[in-house]
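A short worksheet on the structure shown next.
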Number of protein chains: 2
Amino acid sequence: MGEQARQLSRERVLEAAVGIADAHGLGALTMRSLAAELNAKPMSLYHYIRNKDELLDALVDRVFAEIELPEVGGDWRAEVRRRSVSARTVLARHPWALALVETRTNPGPATLRHHDAMLGVLRAGGFSLPMTAHAYAIVDAYVFGFVLQEASLPFDSADSANAVADSIMEGFASGDYPHLVEFATQHVQQPGYHFGGQFEFGLDLILDALAVHHGASHPSSIRPENGVPQPPGRSR
Amino acid sequence: MGEQARQLSRERVLEAAVGIADAHGLGALTMRSLAAELNAKPMSLYHYIRNKDELLDALVDRVFAEIELPEVGGDWRAEVRRRSVSARTVLARHPWALALVETRTNPGPATLRHHDAMLGVLRAGGFSLPMTAHAYAIVDAYVFGFVLQEASLPFDSADSANAVADSIMEGFASGDYPHLVEFATQHVQQPGYHFGGQFEFGLDLILDALAVHHGASHPSSIRPENGVPQPPGRSR
DNA sequence: CAAGCGTATCGTACTTAGTACCACTTACTT
DNA sequence: AAGTAAGTGGTACTAAGTACGATACGCTTG
């Protein structure tokens, strides 16, 4: 892009790596392509990165760093919600990241800071240790799982069902998958459909359910404000 | 293992591929290692498989085939629960499968049958189409997400925290991650702790919440409690 | 039974990717 | 100016996917 190689740096290397992965997918991120992007030769990168594995670890941490941290003193529900929405947004921006999270198990500082903050809001919000564990596990399973599903959708929007439709359509025509057919034609292919829109519904459902369990195994603890049923209202 | 090469077959190839992935991980599954396992030469495999991508697609479908199908007529909650527990069990048995699900977006027959059955129980259970979509998305996000987390745990049990502990411990000592420390020492490293045990708790929590929304035609209008944005600012 | 043919198997070799090894170049120090 | 360390890159080895045929084997059909 620029003219010729300004001084390399770990920062520039990582930045370029994210750029390549965002633009062309993880598969396109090779040491060679990365070097080319930086107007350098492959081996030069090894001065800033031990090997490709370490590079990938660093990328994961970089993505985690983009997620909004929950504020530890704040209302747990609002804070967890905000960071969960942010997490999904970030992961949608870097779809390749999820594949990495799965493999790389060396959390970097941003990742640890993130976990710490999440545990922090929940504890400060009055959750017992075991309930904190449950809540965190459930919320994150949902967030990551949702993104995972988005990534592996056969039909990611109402129209792009075409390519995949081939193999499906055999079965469709044969009546093997009646419910899938109903679902696809009556729901998915309907005008306003957008899978991603379901995210917040599920998130709220889970947060509400957690609120009910709030403080469990801490019989003494009382839930200050949002234990009181709010007047029923629409969510938005 | 065996003596010499019995006749190859697609079945044998896939079986061997699953075996290698189970035993040594996806990374160890190469056309060459697969051929070796079958006492054959790499190129022989291409008579049963178009290319490696197709092989991976087939493996995903094979894993889906192992998951217990919900029975379409039965009690939706019980059936969804049973298949969800089964799904987690299967995915835990083949940890590499999740990574594939993420990439491969060509559902095979078993996968489609699976989706169809899930949609079927929910519809038969009285869920509206939109609520079916929500319910399925939420449950599967949770199931897949939970497995994903299990796969990427830095500390997967009370003791094996050692290897990873290096990078973490810097921060631990420095007091950067107080809540992580509390969590690790007071909860994770406690005798009976086992992350996987949390699965059913969360699953039930979600199913209960879905039961509340059961049959809603316009889901967002019946949030049970505290679905209203709280006035910001006041917190403890 | 021989000739012919389709299917299964494999030998060879090309391509892409990660990276070890070492040489060179440059910039900063003294 | 000379020495040194840090940065850069050329070459080449290895692993993996797979294209392109060639061969081998068994089963028909004359």
Side-chain angles (χ1 to χ4, degrees), chain A residues 1-60 62 96-97 99-100 102-106, chain B residues 1-60 62 96-97 99-100 102-106:
Chain A
M1 301 280 123
E3 353 55 71
Q4 94 297 8
R6 187 166 101 256
Q7 169 89 334
L8 287 178
S9 72
R10 187 178 170 93
E11 203 33 44
R12 286 190 64 214
V13 170
L14 295 181
E15 200 177 327
V18 169
I20 293 176
D22 282 350
H24 311 289
L26 252 199
L29 176 61
T30 69
M31 296 305 279
R32 290 167 210 268
S33 68
L34 182 52
E37 177 75 18
L38 292 161
N39 295 318
K41 296 291 138 71
M43 290 316 290
S44 304
L45 306 176
Y46 287 87
H47 265 264
Y48 304 96
I49 265 141
R50 201 179 313 280
N51 51 42
K52 196 176 179 183
D53 267 13
E54 198 207 73
L55 171 69
L56 297 179
D57 280 336
L59 292 186
V60 171
R62 213 153 205 279
W96 44 269
L100 289 185
E102 210 171 330
T103 331
R104 335 259 88 238
T105 49
N106 286 319
Chain B
M1 309 262 129
E3 354 54 74
Q4 95 295 9
R6 186 166 101 258
Q7 169 89 333
L8 287 178
S9 72
R10 187 180 170 93
E11 203 33 45
R12 286 190 65 215
V13 170
L14 295 180
E15 200 178 327
V18 170
I20 292 177
D22 282 350
H24 311 289
L26 254 197
L29 176 60
T30 70
M31 298 304 280
R32 294 166 143 91
S33 68
L34 181 52
E37 177 75 19
L38 292 161
N39 295 318
K41 296 291 140 71
M43 290 316 291
S44 304
L45 306 176
Y46 287 87
H47 265 263
Y48 304 95
I49 264 140
R50 200 180 313 281
N51 51 42
K52 195 175 179 184
D53 267 12
E54 199 207 72
L55 170 69
L56 298 179
D57 281 337
L59 292 185
V60 171
R62 212 154 207 278
W96 45 270
L100 290 186
E102 209 171 330
T103 330
R104 334 259 90 236
T105 49
N106 286 319

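A note on names: the letters A, B, ... follow the listed sequences, proteins ahead of strands, and every chain is numbered from 1. Source: prediction; values computed, not measured.
Distance Y48(A) OH to dT19(C) P: 18 Å, rounded to the nearest Å. Atom P of nucleotide dA17(C) and atom CG of L26(A) are separated by 14 Å, given to the nearest angstrom. For M43(A) and dC13(D), the CE to C1' distance is 12 Å, given to the nearest whole Å. To the nearest angstrom, C1' of dT19(C) lies 11 Å from CG of L45(A). Going from atom CD1 of I20(B) over to atom P of dA16(D) covers 11 Å, rounded to whole Å. What separates CE of M31(B) from C1' of dT15(C) is a distance of 16 Å, to the nearest Å. Separating the NE2 atom of H24(B) from the P atom of dA15(D) is a distance of 17 Å, rounded to the nearest angstrom. Between the C1' atom of dA13(C) and the NZ atom of K41(B) lies a distance of 16 Å, rounded to the nearest Å.
In the set dC10(C), dA16(D), dT19(C), dA16(D) carries the atom at the smallest distance from any side-chain atom of T30(B). For R32(A), whose side chain is taken as the heavy atoms from C-beta onward, the closest listed nucleotide among dT18(D), dT11(D), dA17(C) is dA17(C).
Under a 3.5 Å cut-off, the side chain of R10(B) and the backbone N or O of Y48(B) do form a donor-acceptor pair.
Across every non-hydrogen atom of I20(B) and L34(B), the tightest pair is CD1-CA, 3.7 Å. When all heavy atoms of L59(B) and A17(B) are compared, the pair lying nearest together is CD2-CB, 3.8 Å. The nearest pair of heavy atoms linking L29(A) to K52(A) is O-NZ, 2.7 Å.
In this structure, I49(B) CD1 and D57(B) CG are separated by 11.0 Å, a value rounded to the nearest 0.5 Å.
Applying the salt bridge (charged side-chain N to carboxylate O under 4.0 Å, His left out) definition to pairs two or more places apart or across chains, none involves residues 15-24 of chain B.
Checked for salt-bridge contact, R12(A) and E37(A) miss the test: no charged N lies under 4.0 Å from a carboxylate O.
Remark on DNA chain D: of its neighbouring residues L29(B) and P42(A), the 5'-side contact belongs to P42(A), judged by nearest-heavy-atom nucleotide.
A heavy atom lying under 4.0 Å from DNA chain C marks the following residues of residues 49-58 of chain A, by number: N51(A), K52(A).
A close approach under 4.0 Å does not occur between any side-chain nitrogen or oxygen of S44(B) and OP1 or OP2 of dA8(C).
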